[in-house]
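A short write-up of the structure that comes next.
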Amino acid sequence: MHPRQRKIFECKRCGFCCQGESTVSLSPEEVQRIAAYLKISIEELTARFLVHRGGRLEMRTLEGHCIFYHPQEGCRIHPVKPDHCRQWPLHPSILKDRENFEIIRSSCPGFSEELTWEELREFWRGESTD
């Protein structure tokens, strides 16, 4: 089956990509979008959920995961999650190197099990030229 005729990735909200010592940088628009979604002020969002790290504003971590990740519920801000979160794991680095693709695919259950690196590259080329 041609890769464009099937879904190559579907987020399972497993939280694997939500873990680590830090999270993604947030743009002012993303901060505003998250605050509006949570129905709180930007000041309250910043005080309760965000942290300044190395000149960046990012989401705090709690027990090794993004503060918005819940083991049973997944991402609590999924509809408005930051653009970097939305992009992952379909990151351009997986197109450049088969090893990157294999590492990321093996850690992320959202990829189609049958998907090959070549199919992903073909899919991406097709998407970018339409």
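We're numbering straight along the sequence, starting at 1.
Looking at residues two or more places apart in sequence or on another chain, you find no salt bridge (Lys or Arg N to Asp or Glu O under 4.0 Å) involving Glu30. With sequence neighbours left out, the salt bridge (Lys or Arg N to Asp or Glu O under 4.0 Å) criterion links Arg86 to no other residue.
Phe16 and Ile104 fall into different hydrophobic clusters, where Ile, Leu, Val, Met, Phe, Trp and Tyr residues are linked whenever their side-chain heavy atoms come under 4.5 Å apart, directly or through other members. Using a 4.5 Å cut-off between side-chain heavy atoms of Ile, Leu, Val, Met, Phe, Trp and Tyr, with links allowed through other members, Leu62 and Leu26 fall into the same hydrophobic cluster. Connection of Val51 to Leu45 is not established within any shared hydrophobic cluster, with ILVMFWY side chains joined at heavy-atom distances below 4.5 Å, either directly or through further cluster members. Linking ILVMFWY side-chain heavy atoms closer than 4.5 Å, directly or via other members, places Leu115 and Ile103 in two distinct hydrophobic clusters.
Asp83 contributes atom CG, which lies 6.5 Å from atom OG of Ser27 (distance to the nearest 0.5 angstrom). Note that CD of Glu44 and CG of Leu38 are 9.0 Å apart. Values are rounded to the nearest 0.5 Å. For the atom pair CD of Glu58 and CZ of Phe49, the computed distance is 15.5 Å after rounding to the nearest 0.5 Å. Here the CD1 atom belonging to Ile94 is positioned 10.5 Å from the CZ atom belonging to Arg121, to the nearest 0.5 angstrom.
Side-chain atoms of Ile77 and Met59, non-hydrogen and from C-beta on, do get closer than 4.5 Å to each other. Between Ile34 and Glu29, the closest side-chain pair of non-hydrogen atoms is not below 4.5 Å. Residues Val24 and Cys85 are in side-chain contact: their nearest non-hydrogen atoms beyond the backbone lie under 4.5 Å apart. Annotation: side chain of Phe9 is not in contact with side chain of Ser112 (no heavy-atom distance under 4.5 Å). With contacts defined as side-chain heavy-atom distances shorter than 4.5 Å, the pair Phe101/Leu95 does not qualify. Within the 4.5 Å cutoff, no side-chain heavy atoms of Phe68 are placed close to those of Val80.
What you find for Thr61 and Gly20 is that their closest heavy atoms are CG2-O, 3.5 Å. Looking at every heavy atom in both residues, Glu114 comes nearest to Glu119 through O-OE1, 3.5 Å. Looking at every heavy atom in both residues, Arg53 comes nearest to Thr23 through NH1-N, 4.4 Å.
At distances below 3.5 Å, at least one donor-acceptor pair connects side-chain atoms of Tyr69 with backbone N or O atoms of Cys14. Put simply, the side chain of Trp117 never gets that close to the backbone of Asn100: no donor and acceptor are under 3.5 Å apart. Within the 3.5 Å criterion, the main-chain N or O of Ile67 finds no donor-acceptor partner in the side chain of Arg60. Using modelled atom types, no side-chain atom of Gln19 and backbone atom of His65 make a donor-acceptor pair closer than 3.5 Å.
Within a 6.0 Å sphere centred on NE2 of His84, heavy atoms belonging to other residues, nucleotides or ligands number 12 at most. Within a 6.0 Å radius of NZ in Lys96, other residues, nucleotides and ligands contribute 12 heavy atoms or fewer.
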Worksheet entry | Residues Arg98, Glu118; criterion side-chain contact (heavy atoms from CB on, under 4.5 Å); working and verdict | CA-CA 9 Å; Arg98 181 189 305 264; Glu118 292 80 10; 2.4 Å; yes
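With salt bridges taken as basic N to acidic carboxylate O contacts below 4.0 Å, one links Arg105 and Glu102.
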